[in-house]
Amino acid sequence: MRYDFKAIEAKWQKYWAEAQTYKAEMPSKKPKYFVLDMFPYPSGAGLHVGHPLGYIASDIYARYKRLRGFNVLHPQGYDSFGLPAEQYAIETGQHPATTTDQNIQRYRQQLDRLGFSFDWSCEVKTSDPSYFKWTQWIFLKLFDSWYDKEHDKARPVSELIEVFRTQGNAALSAACDEKTPVFKAQQWQQMDQDQQADILLKYRLTYLAETEVNWCPYLGTVLANDEIVNGLSERGGHPVVRKKMTQWIMRISAYAQRLLTGLDHIDWTFALKESQRNWIGKSVGALVHFEVKDLNRKISVFTTRPDTIFGVSFVTLAPEHPLVLELTTSEHREEIQSYIQATARRSERDRMADVKTISGAFTGAYVWHPFTKKPLPIWIGDYVLAGYGTGAVMAVPCGDQRDHDFAHFFDLPIPNIFKDTNVDQEAFTEKSGFIIQNSDFLNGLDYVSAMKVVIEQLESAAAGQGQTNFRLRDAVFSRQRFWGEPFPMYYVNGRPQPISPDHLPIRLPHVDQYLPTEDGAPPLGRATQWAWDTERNSVVDNANVDHKKVFPLELNTMPGWAGSAWYFFRYMDAQNEKEFANQEAMSYWKQVDLYIGGSEHATGHLLYSRFWTKFLFDLGLVPVDEPFNKLINQGMILGTSAFVHRLEGTSTFLSNDKVDGQKTQLIHVDVNMVDASNHLNINQFKGWRKDFADADFVTNDQGHFVVEREVEKMSKSKYNVVSPDEICDQYGADSLRMYEMFLGPLEQAKPWNTAGISGVYNFLNKLWRLYIDDQNRLKVEASEPSAENLKTLHKSIKKVQDDIEGFSFNTSVSTFMIAVNEFSTQSCQSKQVLEPFLILLSPYAPHIAEELWHRLGHSTSVTSQSFPELNEALLVEQTKVYPVSFNGKMRFTLELSLDMDKAALETHVLKHDQTVSQLAGHKPKKVIVVPGKIINIVY
RNA sequence: GCUCAAGUGGCGGAAUUGGUAGACGCGCUGGAUUCAAAAUCCAGUUCUUUCGGGAGUGUGGGUUCGAUUCCCACCUUGAGUACCA
């Protein structure tokens with residue numbers, strides 16, 4: 001008899017929900033463990049089998065930690081602001097909140113069927129006003145903070161004002177705009193309020209500035225750097241252009257160094273840390289100033305190789321560099337101008353795609369070399385980017401390939417400063433293995449000492465200084481969208497004013513449509529109720545704006561990453577209306593111990609979350625400055641698409657083995673019409689689409705129609721989507737959970753193949769039949785288990801424990817199968833073996849484990865038991881003996897199957913002494929006994 | 001181009017410190033059961049073979065008594081990143 005997984009799963013899901021089995025304790029004396037999933041965006045398509053992979057893994061881990069005596073916080077929520085709901089709203093006129101709610105309900109139903117041990121009492125939704133109230137609150141905190149570089153932390157703006165009032169800003173080391181004027185205390189005191197406000201804005205951690213932004217005309221919004229892939233929008237793949245706009249910006253660059261060093265103390269994969277390091281892009285070098293000949297101007301360049309300063313043969317500016325037109329001589333003016341225009345016409349995309357073509361123009365002007373005092377020509381070239389460093393480089397053709405290419409192309413000199421190298425064909429770009437020549441005071445030095453000497457010389461000649469550059473840019477925080485958090489900001493004379501935190505949340509206004517307005521203002525520009533009354537402290541009708549008491553509100557909304565940058569703290573105390581989470585809860589839960597999610601967030605979400613956490617830490621609002629201790633990226637589950645061959649220009653379909661070189665078109669067919677042997681259900685296929693109804697089918701010799709298979713990303717348009725609901729209907733949630741784990745290593749991408757699930761499904765049925773007879777009666781005995789039974793059990797305990805702790809969930813599934821096969825051949829009916837086995841199985845297949853556990857007469861949940869204790873002594877296996885060396889002295893290595901303590905090891909060695917002696921033909925002279933797996937015996 | 005990861009049967013994959021390669025599952029083959037099918041159970045399933053064995057973890061070398069595992073070079077695939085000075 002097959003087990004009735006539907007009834008069993010529904011029964012226990014209800015039981016767990018009613019008993020609140022998985023509610024985290026608070027307060028608690030137990031050790032804590034916080035297991036977090038990256039919360040989903042609730043899309044209209046619902047879940048496919050790929051989505052729950054990470055949730056299953058984290059659920060197994062959370063359940064394991066509970067069995068280990070931890071108080072586990074394992075929450076779930078929704079990242080429910082976002083573009084798809086808004087685009088759907090634009091098309092249909094439905095309010096995004098409505099569709100989002102529907103989608104959330106659907107997600108919840110689908111999630112509930114899988115038996116997750118989520119604590120839903122602390123669910124969060126980023127689009128819920130009770131949640132985004134605190135997102136707005138944190139924004140206000142950022143607005144009210146500046147970054148003190150001296151103490152390396154954020155501080156309140158009130159303290160900055162105090163510094164300005166008493167000392168001015170000359171001696172202040174703070175993160176601020178490059179063009180901030182220097183002023184004395186007295187000057188500050190004489191400024192009016194507006195002037196002071198403008199200065200303060202240059203220091204705030206979130207500030208308003210006009211910048212070149214990535215504007216996507218199709219989406220009608222700006223995008224952050226990490227939302228752009230190859231010059232196209234990440235979502236939808238629409239072209240992106242540069243545009244000047246006034247935007248809210250996050251001063252994440254202030255945290256660049258801490259975001260970098262923080263990586264050393266967290267348990268992430270090397271690859272992930274590396275991509276964050278690349279994104280932050282620290283480069284250590286020097287700023288070098290070159291005086292322009294016959295013009296009272298300086299060109300500053302950033303270089304990581306100041307040691308090559310005597311190899312400079314020219315200077316190249318980006319075409320957009322502000323000094324270009326000023327220093328260009330009259331006879332080169334025309335050429336330079338046409339070059340600038342030509343580059344401006346080239347889109348960002350062309351410029352990126354085409355890195356081979358070398359182009360540039362000579363300005364006719366020269367700079368003085370800071371040491372040799374010889375003139376060097378100034379060129380412009382589009383290989384120099386305006387956005388990085390100073391937009392100018394000192395060209396060292398012998399040490400940089402791009403400079404070499406440029407020099408070669410325009411026939412500029414290539415002086416060689418590296419002794420015993422040949423730089424005629426290509427540059428010498430190594431940072432070691434050379435001695436410097438032709439370089440005055442650097443002659444004979446290597447890279448390390450030359451770097452030190454040259455920076456000293458630059459500084460004493462006032463021609464430059466050591467400097468560290470970061471690639472990390474400040475993050476644009478405004479979006480011209482409707483479905484996001486409104487900014488708690490209004491404008492007085494064009495200057496931003498914060499709304500007091502007491503009046504949060506600021507809710508989204510009603511709009512008639514969700515499109516940008518005709519004149520290009522964001523969708524909130526359509527709202528009629530969207531002005532701030534400073535007397536009544538409420539949102540009022542726009543018609544009331546009088547610029548005395550009633551002012552216009554900000555029209556932009558916050559980006560998608562705002563709500564997800566801090567949600568993990570909210571789970572700790574999700575219902576709190578007075579704080580984003582109380583201190584007691586936060587000092588207990590501290591940080592996320594295990595975070596599981598996709599690698600697509602490697603540079604976006606994970607970087608912004610770390611930034612906000614560090615900021616909140618600086619203000620003493622949270623107890624940790626890194627949010628996620630251990631992080632695992634689960635791999636994507638791919639779809640196995642099915643195709644049929646259609647003979648070109650006909651309606652004849654050929655089975656895969658009948659194609660035989662004929663010209664065919666491949667057509668996607670729904671994978672649900674294909675069986676495990678790749679045979680197409682022809683009748684279903686005919687009914688699938690009208691134009692296939694009368695088609696002819698050429699089958700193989702067995703009368704089957706075989707389809708072509710290919711692994712692709714799972715997507716609706718490829719008809720390869722498999723829904724978890726179908727799988728739950730057919731095989732049950734326990735089968736789905738185990739099969740997803742069984743598919744392969746968690747972090748690896750792997751194809752889904754529904755046919756394979758029969759393996760785990762059969763396993764669960766086998767387990768059921770082993771202990772439940774045809775009359776639905778329990779078949780267990782309370783007799784002493786045999787040594788064999790115990791060995792199988794403890795082998796499984798050891799393996800499953802090691803697997804879970806090492807996140808190798810796939811091999812545990814095999815372990816369970818092996819165990820049940822062995823129990824079956826051993827006819828193991830022992831209750832003493834079954835009970836611990838069920839506890840062991842419960843993280844993977846909680847429903848069937850719970851059912852059998854209760855049938856054994858227990859009244860409490862199997863998931864609240866303790867992980868079975870391992871008896872390693874039961875696991876000692878045949879000792880293996882290997883010869884180690886034959887030269888004169890005989891030496892053997894004895895390998896034992898497990899760690900054991902010293903006494904057990906000595907007994908074991910004595911036992912195996914005979915075997916060893918027989919093999920070697922000698923008595924051992926010395927036995928080295930080390931607690932551990934391998935010992936040496938010397939003869 | 002650079003960085004990282006990975007290449008093992010027909011397929012997904014296992015081998016956790018260098019120690020019986022291919023666990024476990026899918027698929028396939030044969031058998032039992034059945035009027036038949038499904039389901040279930042049993043046996044087999046890397047290749048090759050003169051049935052002794054031989055070869056075998058992308059390719060070619062190296063270290064070792066012993067290498068899927070460590071080292072070097074190369075090839076292929078995937079991911080990330082890209083005129084970053």
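First the proteins, then the strands, lettered A, B, ... as listed; each starts at 1. The structure displayed is predicted, hence computed values, not measured ones.
Evaluation of the ring pair (Phe, Tyr, Trp, His ring centres under 6.0 Å) rule for Phe409(A) yields no partner, not counting sequence neighbours. Listed by chain and number, the residues in a side-chain hydrogen bond (donor to acceptor under 3.5 Å, both in side chains) with Ser275(A) amount to none (sequence neighbours excluded). Take Ser313(A) and apply the side chain to side chain contact (heavy atoms under 4.5 Å, CB included) test, not counting sequence neighbours, and it matches Pro397(A), Pro413(A), Pro415(A). Every side chain to side chain contact (heavy atoms under 4.5 Å, CB included) that Lys6(A) has, sequence neighbours left out, goes to Asp4(A), Asp729(A). In this structure Glu426(A) satisfies the side chain to side chain contact (heavy atoms under 4.5 Å, CB included) test together with Gln401(A), sequence neighbours excluded. Residues satisfying the side chain to side chain contact (heavy atoms under 4.5 Å, CB included) criterion with His321(A), sequence neighbours excluded, are Leu317(A), Leu323(A), Val324(A), Ala392(A).
Rounded to whole angstrom, the span from the CG atom of Leu317(A) across to the P atom of A85(B) amounts to 18 Å. Between the C1' atom of G25(B) and the CH2 atom of Trp752(A) lies a distance of 13 Å, rounded to the nearest Å. Remark: P of C84(B) and OH of Tyr388(A) are 9 Å apart, rounded to the nearest angstrom. For the pair Phe763(A) CZ and C26(B) P, the computed distance is 13 Å after rounding to whole Å. A straight line from CD of Glu747(A) to P of G80(B) spans 16 Å, rounded to a whole angstrom. When the P atom of C4(B) is taken as reference, atom CD of Glu274(A) falls 7 Å away, rounded to whole Å. Taking atom CH2 of residue Trp279(A) and atom P of nucleotide C2(B), one finds them 21 Å apart after rounding to whole Å. Look at CD on Gln401(A): it is 14 Å from C1' on C2(B), rounded to the nearest Å.
With a cut-off of 3.5 Å on both Watson-Crick or G-U wobble distances, the partner of U33(B) is given as none. The partner of G52(B), taking Watson-Crick or G-U wobble pairs whose two distances both stay under 3.5 Å, does not exist in any strand shown. The partner of U57(B) is absent, by the rule that a Watson-Crick or G-U pair needs both atom distances under 3.5 Å. The base-pairing partner of C4(B), taking Watson-Crick or G-U wobble contacts with both distances under 3.5 Å, is G78(B). Nucleotide A23(B): unpaired (no Watson-Crick or G-U wobble partner with both distances less than 3.5 Å). In this entry C28(B) has G44(B) as its Watson-Crick or G-U wobble partner, both defining distances falling under 3.5 Å. Pairing for A67(B) is absent, judged as Watson-Crick or G-U wobble with the two contacts each under 3.5 Å. When Watson-Crick and G-U wobble pairs are counted only if both distances are under 3.5 Å, A14(B) pairs with no nucleotide at all.
U20(B) and U16(B) are spaced 9 Å apart, taking the P atom of each and rounding to whole Å. For the C1' atom pair drawn from U49(B) and A43(B), the interatomic distance equals 23 Å after rounding to whole Å. Here the separation of A5(B) from C47(B), taken at their P atoms, is 33 Å to the nearest Å. Nucleotides C84(B) and C71(B) are separated by 30 Å at their P atoms, to the nearest Å. If you take atom P in U77(B) and the same atom in G30(B), they sit 39 Å apart, rounded to whole Å. Rounded to whole Å, the C1' atom of G58(B) lies 7 Å from the corresponding atom of C75(B). For the C1' atom pair drawn from G78(B) and C72(B), the interatomic distance equals 24 Å after rounding to whole Å. One P atom belongs to G7(B), the other to U33(B), and the distance between them is 45 Å to the nearest Å.
Here Ser283(A) reaches the OP1 or OP2 of A85(B): one of its side-chain N or O atoms lies under 4.0 Å away. Between Arg471(A) and A82(B) there is a side-chain polar atom (N or O) within less than 4.0 angstrom of OP1 or OP2.
Closest approach of Ser359(A) to Tyr339(A), counting heavy atoms only: OG-OH, 2.7 Å.
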With 3.5 Å as the limit, what N/O pairs link the protein to nucleotides 39-44 of chain B?
{"from": "A39(B)", "atom 1": "O3'", "to": "Arg2(A)", "atom 2": "NH2", "distance (Å)": "3.0"}
{"from": "U40(B)", "atom 1": "OP1", "to": "Arg2(A)", "atom 2": "NH2", "distance (Å)": "2.9"}
{"from": "U40(B)", "atom 1": "OP1", "to": "Asn762(A)", "atom 2": "OD1", "distance (Å)": "2.7"}

Distances for protein N or O near nucleotides 8-15 of chain B N or O, under 3.5 Å:
{"from": "G12(B)", "atom 1": "O2'", "to": "Leu743(A)", "atom 2": "O", "distance (Å)": "2.6"}
{"from": "G13(B)", "atom 1": "OP1", "to": "Gln748(A)", "atom 2": "NE2", "distance (Å)": "2.7"}
{"from": "A14(B)", "atom 1": "OP1", "to": "Asn810(A)", "atom 2": "ND2", "distance (Å)": "3.1"}

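Taking the O4'-C1'-N9-C4 or O4'-C1'-N1-C2 dihedral as appropriate, G13(B) has a value more than 90° from 0 and is therefore anti. G52(B) adopts a syn glycosidic conformation, its chi angle falling within 90° of 0.
With a 6.0 Å cutoff to the six-membered ring centre and a 45° limit on the axis angle, Arg610(A) counts as a cation-pi contact of Trp268(A).
Residue contacts shown for Ser758(A) are limited to sugar-phosphate atoms, with no base heavy atom under 4.0 Å away. Heavy atoms of Asn821(A) sit under 4.0 angstrom from primed sugar atoms or phosphate atoms, though from no base atom.
In summary, the aromatic rings of Tyr731(A) and Tyr739(A) are positioned with their centroids too far apart to meet the 6.0 Å limit.
Checked by atom type and distance alone, the side chain of Thr815(A) pairs as donor or acceptor with a backbone atom of Thr811(A) at under 3.5 Å.
When each of Ile818(A) and Ser275(A) is assigned the nucleotide of RNA chain B bearing its nearest heavy atom, the one mapping closer to the 5' terminus is Ile818(A).
Between Glu822(A) and Lys795(A) there is a salt bridge, since at least one side-chain N of the basic residue sits less than 4.0 Å from a carboxylate O of the acidic one.
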Atom pairs and distances, donor-acceptor, side-chain atoms in residues 740-749 of chain A, under 3.5 Å, two or more places apart:
{"from": "Glu740(A)", "atom 1": "OE1", "to": "Leu53(A)", "atom 2": "N", "distance (Å)": "3.4"}

